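Just below is one structure, and these are the notes that go with it.
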Protein chains: 2
Amino acid sequence: MQTVGFENHDHTVCVGVGMKAAEDVCAAQGLRLTKGRRRVLEILLQEHRAMGAYDILGMLSDEGFASQPPVVYRALDFLVANGFAHKIQKLNAYIACAHPGDSHTPVFLICRACETVAETAAPLQSTLGEAAEKIGFKIETTIVEAEGMCPRCRETETAV
Amino acid sequence: MQTVGFENHDHTVCVGVGMKAAEDVCAAQGLRLTKGRRRVLEILLQEHRAMGAYDILGMLSDEGFASQPPVVYRALDFLVANGFAHKIQKLNAYIACAHPGDSHTPVFLICRACETVAETAAPLQSTLGEAAEKIGFKIETTIVEAEGMCPRCRETETAV
DNA sequence: ATCGAAGCGTTATATTATATCAAGTCATCC
DNA sequence: GGATGACTTGATATAATATAACGCTTCGAT
């Protein structure tokens, strides 16, 4: 399982890799990574956490972008539709994709204490897809979000 | 896989079984299935679909219950906390539990055409839990929601 | 009967997200 | 190089979902 989220790491690399991957995909597919879309992705990569749409909007408007909700929702729609970001349903929040470029069904591990979110790959989907197919249901996308305690918060909790 | 949602069935049985299960669990655990909570569960069982909180609230207020949001959210919180109903994150909607009494990690199959929701059992969780544990993450609850096309809508689609 | 916890009524507000329409931008075709 | 059409953005308004807070009531235990 490749997992991103709880290890220490050189974060500037994440941002660079993420932006590069998005640029490449957009170039290859004729998608327009416009100023606002690019900036939202940068913010998500830099912050490296699940962010509410209005958190992002606040940052954008501080930087001179328009301050209406559609500004950020449009950018997020684009990023999510093209796999550069994901929505965390449980938190109504958005996070940069940790495996950009790969086609994948992500699994999110969400810490209920600190709300840190890690993205991992699913060890399971084909089984579920086959089981669903048996009753005639055709799965197109799957959301998997596991809530619990991250390593860091488990330590803190037991220490208290 | 036991699946509930796409088959034809005698629906009054569902309601009776669901209410009975909730009553039994409440009696066993000292929980109070008050008038409002009971009525919300009945509504969810009768409608047999994912309903928005405000849809339910509308029905309640038509019946003489108070018409403020907390009325329904409190009842839903109780029902969800005790396993009598589930929240469908993808739809911001609530649905009666199809396997009342069993402890289970549900998997929902959501039709993107008609929004019908079926609840099935997960063929997978232990694998995910073990994988998460290897990186120190302790999973407590898991949300699995698969979106796609139900048998009925697939037929209609190909017919068109 | 009284006490404390749980539940409910009510007002107000917070949070998240979308509809709509006009104006701007960009690539392409002629 | 101007017309065209698809896509993108600006801006206003509103919809949809959910919670905070406070006081009163109800219930069950002592």
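Note that the structure is predicted; figures quoted are calculated from it, not measured. Here is how names work: the chains are called A, B, and so on, in the same order as the sequence lines, proteins then strands, and each is numbered from 1.
- For the pair Asp77(A) CG and dA19(C) P, the interatomic distance rounds to 10 Å; values are reported in whole Å.
- Taking 4.0 angstrom as the limit, Tyr94(A) places none of its side-chain polar atoms (N or O) nearer than this to OP1 or OP2 of dT16(C).
- Of the two residues near DNA chain D, Pro70(A) and Ala53(B), the one whose nearest nucleotide lies more 5' is Pro70(A).
- Here the CG-NZ distance, from Leu76(A) to Lys87(A), works out to 9.5 Å after rounding to the nearest 0.5 Å.
- The base of dA15(D) has none of its N or O atoms less than 3.5 Å from a complementary donor or acceptor on the side chain of Tyr54(B).
- When the side-chain nitrogen and oxygen atoms of Lys87(B) are compared with OP1 and OP2 of dT17(D), none of them lie within a distance under 4.0 Å.
- Among the heavy atoms of the strands, none lies under 4.0 Å from Phe78(B).
- Below 30°, between 30° and 60°, or above 60°: for Tyr73(A) and Tyr54(A) the angle between ring planes is above 60°, a perpendicular geometry.
- The backbone N or O of Gly136(B) lies less than 3.5 Å from a partner atom in the side chain of Arg154(A), making a donor-acceptor pair.
- Minimum atom distance to the side chain of Arg37(A) is reached by dT9(D), of the listed dG7(C), dT9(D), dA18(D).
- The backbone N or O of Ile143(A) sits nowhere less than 3.5 Å from a side-chain atom of Gln89(A) that would complete a donor-acceptor pair.
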## Note on the structure
Readout for nucleotides 23-30 of chain D: B = base within 4.0 Å of protein heavy atom, S = sugar-phosphate only, - = neither; 5' to 3' it is ----S---
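- In this structure, Asn92(B) and Ser67(B) both approach DNA chain C, and ranking their closest nucleotides by distance from the 5' end singles out Ser67(B).
- Atom CD of Gln46(A) has more than 12 heavy atoms from other residues, nucleotides or ligands within 6.0 Å.
- Note on Tyr73(A): every side-chain N or O is 4.0 Å or more away from OP1 and OP2 of dT18(C).
- Closest contact between the side chain of Gln68(A) and the listed nucleotides dC8(C), dT12(D), dT10(C) involves dT12(D).
- Atoms CG (Leu76(B)) and P (dA16(D)) sit 18 Å apart, rounded to a whole Å.
- Among dT18(C), dT10(C), dT19(D), the nucleotide with an atom closest to any side-chain atom of Ala66(B) is dT10(C).
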